Amino acid sequence: MQNYGKFYQKPWEERINLIKKNEKLTEKQIQILETAAQNKTLGNTMIENYITDYSYPEGIAFHYLINNKDYIVPMVTEEPSVVAASSHGASIIAKAGGFFASTSERLMIGQIIVENVEDTENLTKKIQKIGKELLLVADQAHPSLKRRGGGTRWLKTRILAADLVTIDIAIDVQEAMGANMINTMLEAVAKKLEELLNQQVLMSILSNYATECVARATCEIPVELLAKKGISGENIAKKISQASRVAQLDPYRAVTHNKGIMNGVDAVVMASGNDWRAIESGAHAYAARNGQYRGLSTWKLNNNCLIGELELPLPVGFVGGSIGIIPLVKVNQDLLKITSAQELECVIVSVGLAQNLAALLALVSEGIQKGHMRLQLKSLVIAAGADAIEEQTVVDKMLQAGKRDLESAKKILKEIRKRDKNAGS
Ligand code: HMG
């Protein structure tokens, strides 16, 4: 470590030189680091010890009809078949009239955790008495939020243990995700609390369990729209509702079911410059809100229609944080043609539902490997060492041979190179 000194104080060129000196990287690898560093100023602004930019592909999913408005949806993901599946799911739902999406208020919860409490009942009574004063202190710590129509909404206490109490404050964050604002407000309240009640505060921080900032999407698909490759729509609809039941019953299946939903959710959260770790952790806690981890979505068969529903906490922002400084985020907001955080929530929850439909449809009909692996072949072929010119030929040969594994890709590539060499000599 001492070879690097105070890395964060050094200019970018010096950081790269230190890596060259200290690590066993090849010239080519160093060149990769250097050429990928496309936006050094932004990188240095956003994170610490910046060396390069790590880029993910961005694609567009089509066919999204949400609350009677058409959307094209930018998605950022490293996984093949996610964007195709998203368009596929959305196109079926569009034929059925589209998604109906709605959101709750955008309230975030901040927590002030009080420790070493001698009498928890007595403390909660005292806190309730000075509640209004505490909310005023919070609002005064961030007056611009109040001016924009947001600010504190309520305060509640919960006893966590014989010596621990949490004070939960709900804050309307308007168009922002609000983490920094909330933390500033909470710290001001914590200080006041220590002054007024002489109580020790363990910590003050927002909660990423955003139960008061929830989005919901539903759709109603006539079963005939689900017919696929000789299997009747009714049969597929029955199997999808059965798959949904399994995800309610079994956590092993529920996690994978929800992973499929998050394939879409995370990709739009990333494209919109939001914090996907916050969304992920909140979504999974929500999936376990009744004491058992379950699928976040449900699919039920009713009157020859498959009815899908997805609800999850979506505390995303439309302004603030990294949203304002990553140029691509503004481009993506304009591609989406959204004007508010609530509209973004509606899009994201709909993408989650479409993504889930496409995955379940594949799983209960031809199986996931056929469609997914067809689209993953290109990555496999590149991993086998093919260059851009060789790529398509190897993919075609693998499709012809019905092969989908790395070893076969390497073997086919070797044969092609041998053939080309012989043809050239
Ligand atoms: P298909 O029915 O063979 O494809 O599905 P198609 O050729 O009939 O096309 C249907 C539509 O899909 C197209 O309609 C496109 O919108 C889209 P069109 O616009 O042509 O009228 N589409 C594409 N878009 C862009 N590029 C492409 C492309 N191909 C089709 N190349 C498909 C093929 C892959 C869509 C289907 O098999 C599918 O949706 N599979 C699910 C794939 C998936 O979920 N992948 C995520 C990785 S697996 C996973 O992580 C989740 C999982 O574990 C979750 C769970 O267990 O619940 C499965």
Side-chain angles (χ1 to χ4, degrees), residues 56-65 70-96 98-99 219 221 224-233 236 239-268 270 276 280 283-284 287 293-299 306 308-310 312 350-381 391-392 395-396 398-399 402 404:
Y56 265 29
E58 173 172 324
I60 287 179
F62 291 95
H63 309 304
Y64 275 92
L65 176 63
D70 282 315
Y71 292 87
I72 60 167
V73 182
M75 298 179 75
V76 173
T77 181
E78 88 300 343
E79 187 167 11
S81 88
V82 165
V83 179
S86 193
S87 296
H88 188 206
S91 73
I92 296 168
I93 296 169
K95 283 179 205 142
F99 301 85
C219 63
I221 310 169
E224 55 275 14
L225 292 178
L226 297 164
K228 197 172 166 123
K229 294 183 181 150
I231 315 176
S232 77
I236 296 220
K239 282 174 183 287
I240 290 177
S241 66
Q242 188 74 318
S244 157
R245 245 186 93 209
V246 177
Q248 294 300 310
L249 293 168
D250 176 29
Y252 280 86
R253 175 56 206 152
V255 171
T256 322
H257 179 99
N258 291 343
K259 188 275 183 189
I261 293 171
M262 301 313 280
N263 275 343
V265 169
D266 284 348
V268 190
M270 281 179 80
W276 74 95
E280 276 281 338
H284 297 298
Y293 189 94
R294 296 176 197 278
L296 283 160
S297 67
T298 56
W299 294 94
L306 183 67
E309 187 180 324
L310 172 64
L312 77 164
S350 302
V351 171
L353 192 59
Q355 207 73 45
N356 183 224
L357 174 67
L360 294 182
L361 183 55
L363 284 169
V364 303
S365 58
E366 61 190 12
I368 199 69
Q369 287 304 76
K370 194 159 182 260
H372 176 61
M373 286 311 286
R374 176 163 60 84
L375 297 174
Q376 199 172 22
L377 273 186
K378 281 194 247 167
S379 309
L380 202 72
V381 165
E391 181 192 305
Q392 196 54 50
V395 167
D396 290 344
M398 288 189 73
L399 283 172
R404 289 168 185 168

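Numbering of ligands and ligand atoms starts at 1, following listing order. Computed from a prediction, not measured in an experiment: that's the story for all the values here.
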Min N/O separation [X] to ligand 1 under 3.5 Å:
X: Q355; answer: no
X: N356; answer: no
X: H257; answer: no
X: H63; answer: yes

Measuring from atom 15 (C) of ligand 1, which candidate in A61, P80, S87 has the nearest non-hydrogen atom?
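Looking at heavy atoms only, the winner is S87.
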Please work out which of R253, K229, K259 has its closest non-hydrogen atom nearest to atom 55 (C) of ligand 1.
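Looking at heavy atoms only, R253 sits closest to atom 55 (C) of ligand 1.
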For ligand 1, which atoms, with element, lie under 4.0 Å from some heavy atom of L363?
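Near L363, the atoms of ligand 1 are 55 (C), 56 (O), 57 (O).
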Atoms in ligand 1 with a heavy atom of E79 nearer than 4.0 Å:
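The list of qualifying atoms is 47 (C), 50 (O).
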Does some side-chain heavy atom of L360 sit less than 4.5 Å from a side-chain heavy atom of W299?
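Yes, their side chains come closer than 4.5 Å.
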Any side-chain heavy-atom pair of L296 and H284 under 4.5 Å
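No, every pair of side-chain atoms sits at 4.5 Å or beyond.
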Please determine if E391 and K378 form a salt bridge, counting it only when a charged side-chain N lies under 4.0 Å from a carboxylate O.
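No.
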May I ask you to decide whether E224 forms a salt bridge with K95, counting only side-chain N to carboxylate O separations under 4.0 Å?
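No, no charged N to carboxylate O under 4.0 Å.
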At under 4.0 Å between heavy atoms, which part of [X] makes contact with ligand 1: side chain, backbone, both or neither?
X: A85; answer: both
X: T256; answer: both
X: K378; answer: neither

What residues, two or more places apart in sequence or in another chain, satisfy side chain to side chain contact (heavy atoms under 4.5 Å, CB included) together with A94?
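Expected list: L65.
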For H63, enumerate each residue passing the side chain to side chain contact (heavy atoms under 4.5 Å, CB included) test, keeping only those at least two apart in sequence or located in another chain.
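Scan of H63 (side chain to side chain contact (heavy atoms under 4.5 Å, CB included), adjacent residues dropped) gives S87, A90, S91.
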Show the nearest heavy-atom pair for residues G295 and A254, with the distance to one decimal.
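The answer is N-CB, 3.6 Å.
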